[in-house]
Amino acid sequence: MPELPEVETIRIGLATLITGKQILHVASNNQKSFPNSQPDIDQFLLNSSVLNVRRRGKVLIIELSSQYSLIIHLKMTGQLVFSGDGVHFGAGHPNASLVGNLPDSSTRAVLTFEDRSKLFFNDQRKFGWMRLVPTIEIENIDFFKKMGPELLSKQFGPTDFKSRLMRRPRSSIKAVLLDQTIVAGIGNIYADESLWGAKIHPQTLVQDLSPVNIKHLYSSIIEVLSLSINKGGSTDKNYIDAEGRKGSYLSFAKVFRREGLACPRCGTLIRKIRVAGRGTHVCENCQKLN
DNA sequence: CACTTGACCTGTCCGC
DNA sequence: TGCGGACAGGTCAAGT
């Protein structure tokens with residue numbers, strides 16, 4: 001569920017909360033979530049401190065002073081929640097009811113910093129993972145090597161977008177937007193929202209898109225992602241930011257999770273269909289199939 | 001080779 | 001009320 005805007009929101013929060021802090025202790029109760037048997041951990045995680053927090057696509061990268069980095073993929077239900085000075089999760093915190101007391105049954109790993117503040121890696125469905133890798137090797141890791149360009153990068157524009165899409169001309173545009181090797185960061189929510197914004201049916205084959213379609217889609221994606229980052233991302237069920245806050249983007253969504261409601265543009269009832277194996281929200285009046 | 005589907009998980013919701 | 005099954009969606013392996 002965390003897509004680019006959610007991960008970016010977490011990154012911004014984490015950067016201010018943990019940059020400069022030294023890691024004293026790490027605990028994991030699930031080898032898939034975080035294999036804490038790695039010999040590297042004692043040497044390169046403990047007693048190292050956080051240099052910065054970066055993002056690549058939907059992946060967080062916590063760079064450490066040891067020249068190692070923690071790479072974190074939250075997948076569907078992962079959360080990173082910080083608890084420490086100035087940020088309290090207990091009685092009186094406005095989000096206490098959302099976060100509850102930690103650790104809880106979904107906590108898979110906990111980092112403890114030198115000031116006793118903690119970072120909880122919660123993940124109900126155990127799809128997410130955290131790995132310790134040498135910083136210099138990050139770009140050689142397979143999924144980073146295969147990952148498409150950053151949509152919000154200044155070096156990335158509509159022409160690049162078009163040439164990336166054309167790598168999969170015979171697939172539906174929705175499947176291609178979800179493919180992280182084409183462009184990085186879009187998931188189900190923002191695929192549906194940007195396609196609605198560009199008035200393109202999700203099942204349209206890439207080769208059937210007009211140049212104008214592609215231009216509109218590019219603008220729509222940038223607009224939707226930027227708006228969502230400004231709203232702190234989307235909260236459906238599990239997403240919260242590093243301080244335990246929900247995002248408000250979903251209240252701005254035009255089609256996602258709005259099946260049976262009126263399309264804000266034309267009033268036609270929004271339908272939920274299945275495209276590329278995913279639940280897909282569409283206004284079949286605005287978004288006509290070519 | 002290009003593309004689609006199923007598995008990985010667990011909590012929630014719906015229908016009987 | 002209880003229970004089985006569908007569903008949620010990011011990614012990779014397996015299947016067509």
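Order of the sequence lines fixes the chain letters, A, B, ..., with proteins taken first and strands second; residue numbering starts at 1 for each chain.
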Discussion item. Quick one about A/Ser228 and A/Tyr190 (side-chain donor to acceptor, distance below 3.5 Å, no hydrogens or angles considered), yes or no?
Written reply: yes
Worksheet item: What's the CG-P distance between A/Asp123 and B/dC8, to the nearest Å?
Response: 16 Å
Fill in: Presence of salt bridge, A/Glu3 and A/Lys58, under 4.0 angstrom
no
Discussion item. Tell me if a side-chain donor or acceptor on A/Arg108 pairs with a main-chain N or O of A/Gln124 at a distance below 3.5 Å.
Written reply: yes
Worksheet item: Is there a side-chain polar atom (N or O) of A/Arg274 under 4.0 Å from OP1 or OP2 of B/dT4?
Response: no
Worksheet item: Would you say A/Lys58 reaches C/dT11's phosphate, i.e. side-chain N/O to OP1/OP2 under 4.0 Å?
Response: yes
Worksheet entry | Phosphate OP1/OP2 of C/dT11 contacted by A/Arg125 side-chain N/O (<4.0 Å) | no
Item to complete: Would you please determine if the base of C/dT11 is stacked by A/Phe127, with stacking meaning a centroid separation under 5.5 angstrom and planes under 30 degrees?
Response: no
Worksheet item: Does a nitrogen or oxygen in the side chain of A/Lys126 sit under 4.0 Å from OP1 or OP2 of B/dT10?
Response: yes
Worksheet item: So do A/Ser194 and A/Leu217 actually touch side chain to side chain, heavy atoms under 4.5 Å?
Response: yes
Worksheet item: Where each residue is assigned the nucleotide of DNA chain C containing its nearest heavy atom, which of A/Arg278 and A/Lys272 is assigned the position nearer the 5′ end?
Response: A/Lys272
Discussion item. Between A/Asp115 and A/Lys21, does any NZ, NE, NH1 or NH2 come within less than 4.0 Å of an OD or OE carboxylate oxygen?
Written reply: yes
Discussion item. If I take atom CG in residue A/Asn29 and atom C1' in nucleotide B/dT10, what distance separates them, rounded to the nearest angstrom?
Written reply: 15 Å
Response to the item:
Between A/His281 and A/Lys146, whichever has its closest DNA chain C nucleotide further toward 5' is A/His281
Worksheet item: Which nucleotide, B/dC3, C/dG10, C/dA8, lies nearest any side-chain atom of A/Pro169?
Response: B/dC3
Discussion item. From NZ of A/Lys174 over to P of B/dT5, roughly how many Å is that when rounded to an integer?
Written reply: 14 Å
Worksheet item: For A/Ser171 and B/dT4, is the shortest distance between a side-chain N/O and OP1 or OP2 below 4.0 Å?
Response: yes
Worksheet item: In whole Å, what is the span from the CG atom of A/Asn188 to the P atom of C/dC7?
Response: 14 Å
Item to complete: Would you tell me if any nitrogen or oxygen in the side chain of A/Gln180 comes within less than 4.0 Å of OP1 or OP2 on C/dG10?
Response: no
Worksheet entry | Rounded distance (Å) that lies between atom P of C/dC7 and atom CD of A/Gln124 | 19 Å
Worksheet item: What is the distance, rounded to the nearest whole Å, between atom CZ of A/Arg257 and atom P of C/dC7?
Response: 13 Å
Discussion item. Any base atoms under 4.0 Å from A/Arg108, or only sugar-phosphate, or nothing? Heavy atoms, all strands.
Written reply: nothing
Fill in: A/Asn30 CG - B/dC8 P separation (whole Å)
15 Å
Fill in: Shared hydrophobic cluster for A/Ile72 and A/Phe44 (ILVMFWY, side-chain gaps under 4.5 Å)
yes
Item to complete: With the side chain of A/Lys75 defined as its heavy atoms from C-beta on, choose the nearest nucleotide among B/dT4, C/dT11, C/dA8.
Response: C/dT11
Discussion item. So if I take every side-chain heavy atom of A/Glu3 and compare against B/dC3, C/dG10, B/dG11, which nucleotide ends up nearest?
Written reply: C/dG10
Worksheet item: Can you find a side chain N or O atom of A/His73 that sits less than 4.0 Å from OP1 or OP2 on C/dG10?
Response: no
Discussion item. Nearest whole Å is fine: how far is C/dT11 P from A/Trp129 CH2?
Written reply: 9 Å
